[in-house]
Amino acid sequence: MIETYILEQLAAFAKYKNFSRVAAELHTSQPAISRGMRKLESELGVTLFDRSKNRIALNQLGELAARHAQLILAAHDTMVHTVQEAERRQRTFSYGSIAPAPMWELTPILSQLFMGMTVSADLQETEEALVKGLDDGTYNLVVLLRPLKDKAYFCRPFFKERLSVMLPKNHPLARHKALHLKDLAGERILIHNKIGFWFSLCRRKIPRATFLEQGELSALREIVKTAELPSFSTNVAQQDGFAVPAGKVVVPLLDKDVDVQFYCVCLADKANEYAAIFSAVDRINRG
């Protein structure tokens, strides 16, 4: 059986065309490369190189062998990745969400239900990325803004979240009982940039706004307390213990797409296995 390291040497020679470069790339010596190639020729029973005093090059059989070596090495890498990924999935429960609030609820539930496993959460801005991840096995579960009607999926309503704008009391818009996102056109707005679809929604619906992005939620909340700038809040964030700072007022938004219903979704053949998750989701939904 031809050893993998020899195939790596052959594939590298096909790429770099000389032993010194191959030796440097593979962190070995030129004599070791030469021995490996002669061993390969011996095992195959053919000559793979045209050799002269000052030059060595692959012949036609060598080019053919190099192409097959590349295919074998690619298959080897695929096998290693596939097996390692399968092992990782056995000890990891991975889920993706379209917004952060469902993650605040789900992570403690999953950590309790899958003790001994790693719970991995991933925030995405698009449902397409989440559904693709569910289909290809990247995620065990996803949280979407809509149920999937296809019988290949099992869906459960989760909870609702509503976006509001938080304004300084002396802001011209603060006297309104309700606003649309477009009313914030041209404003400088403080925003957390790790909020899933909410960020792209606000960028799309508020013309000419300048978003002052913060990557850390705790830092953003401290800035919001003193800054004379608009920011956002939701009913879930307020229930989570974030009180409206003094000197600020929360104004509801009237856009229909800021009032969202989340859905937990898994593959249909996993519904029974994840029954305890959906029971917990149902309790939150009823609450």
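Predicted model only: the values in this text are computed from it and were never measured.
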Give the minimum heavy-atom separation between [X] and [Y], together with the two atoms involved.
| X | Y | answer |
| --- | --- | --- |
| Leu173 | Asp183 | CD1-O, 3.5 Å |
| Thr47 | Phe49 | CG2-O, 3.2 Å |
| Ala227 | Pro168 | O-CG, 4.5 Å |
| Leu212 | Arg188 | CD1-NH2, 3.7 Å |
| Ile98 | Leu130 | N-CD1, 3.6 Å |
| Pro100 | Lys194 | CG-O, 4.0 Å |

Quick check on [X]: does its [atom1] atom have over 12 non-hydrogen neighbours (other residues, nucleotides or ligands) under 6.0 Å away?
| X | atom1 | value |
| --- | --- | --- |
| Lys17 | NZ | yes |
| Asn272 | CG | no |
| Gln261 | CD | yes |
| Glu216 | CD | no |
| Arg51 | CZ | yes |

Rounded at 0.5 Å granularity, tell me how far [atom1] in [X] sits from [atom2] in [Y].
| X | Y | atom1 | atom2 | answer |
| --- | --- | --- | --- | --- |
| Glu228 | Asn170 | CD | CG | 5.0 Å |
| Leu201 | Asp257 | CG | CG | 5.0 Å |
| Leu141 | Phe278 | CG | CZ | 5.5 Å |
| Ile56 | Phe13 | CD1 | CZ | 5.0 Å |
| Glu105 | Ser97 | CD | OG | 11.0 Å |
| Cys264 | Arg156 | SG | CZ | 10.0 Å |

Hey, quick one: are [X] and [Y] part of the same hydrophobic cluster, counting side-chain heavy atoms closer than 4.5 Å, chains of contacts allowed?
| X | Y | answer |
| --- | --- | --- |
| Val80 | Val83 | yes |
| Leu7 | Leu71 | no |
| Leu64 | Ile72 | no |
| Leu254 | Leu179 | no |

Does either side chain, that of Glu8 or that of His76, offer a donor lying less than 3.5 Å from an acceptor on the other one?
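Looking only at side-chain atoms, His76 and Glu8 do not form any donor-acceptor pair under 3.5 Å.
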
So if I apply the side-chain contact (heavy atoms from CB on, under 4.5 Å) rule between Tyr95 and each of Val119, Leu134, Asp122, which one comes out positive?
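Considering Val119, Leu134, Asp122, a side-chain contact (heavy atoms from CB on, under 4.5 Å) with Tyr95 is found only for Val119.
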
Heavy-atom donor-acceptor pair, [X] side chain to [Y] backbone, under 3.5 Å:
| X | Y | value |
| --- | --- | --- |
| Ser111 | Thr107 | yes |
| Asn193 | Glu213 | no |
| Asn235 | Arg162 | yes |
| Lys248 | Val224 | yes |
| Ser279 | Ala275 | yes |
| His192 | Gly215 | yes |
| Asp150 | Ala152 | yes |
| Thr234 | Val236 | yes |

[Y] and [X], any side-chain heavy atoms less than 4.5 Å apart:
| X | Y | result |
| --- | --- | --- |
| Phe159 | Pro102 | yes |
| Leu123 | Ile195 | no |
| Val249 | Val244 | no |
| Ile277 | Phe93 | yes |
| Val142 | Val131 | no |
| Leu48 | Met37 | no |
| Glu187 | His171 | yes |
| Leu26 | Gln9 | yes |

Using 4.0 Å as the upper bound for N to carboxylate O, is an ion pair formed by Arg21 and Glu25?
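A salt bridge links Glu25 with Arg21.
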
Begin with the C-alpha distance, continue with both residues' side-chain angles, and end with the deciding distance and a verdict on salt bridge (charged side-chain N to carboxylate O under 4.0 Å, His left out) for Lys39 and Glu3.
CA-CA 10 Å; Lys39 181 178 180 181; Glu3 295 177 84; 2.7 Å; yes

I'd like to know whether Cys202 forms a side-chain contact (heavy atoms from CB on, under 4.5 Å) with Leu163, so could you lay out the CA-CA distance, the side-chain angles of the two residues, the decisive distance to 0.1 Å, and finally the verdict.
CA-CA 10 Å; Cys202 291; Leu163 188 70; 4.0 Å; yes

For side-chain contact (heavy atoms from CB on, under 4.5 Å), just list the numbers for Gln124 and Tyr139, CA-CA rounded to whole Å, side-chain angles, deciding distance to a tenth of an Å, and then say yes or no.
CA-CA 12 Å; Gln124 294 279 2; Tyr139 302 128; 3.1 Å; yes

Between Phe154 and Tyr274, ring centroids under 6.0 Å
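Between Tyr274 and Phe154, which both carry aromatic rings, the centre distance is not below 6.0 Å.
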
Stepwise side-chain contact (heavy atoms from CB on, under 4.5 Å) check, Leu58 with Leu10
CA-CA 9 Å; Leu58 290 170; Leu10 178 61; 3.8 Å; yes

Test side-chain contact (heavy atoms from CB on, under 4.5 Å) applied to Leu145 and Glu127, step by step
CA-CA 8 Å; Leu145 299 170; Glu127 291 184 300; 3.4 Å; yes

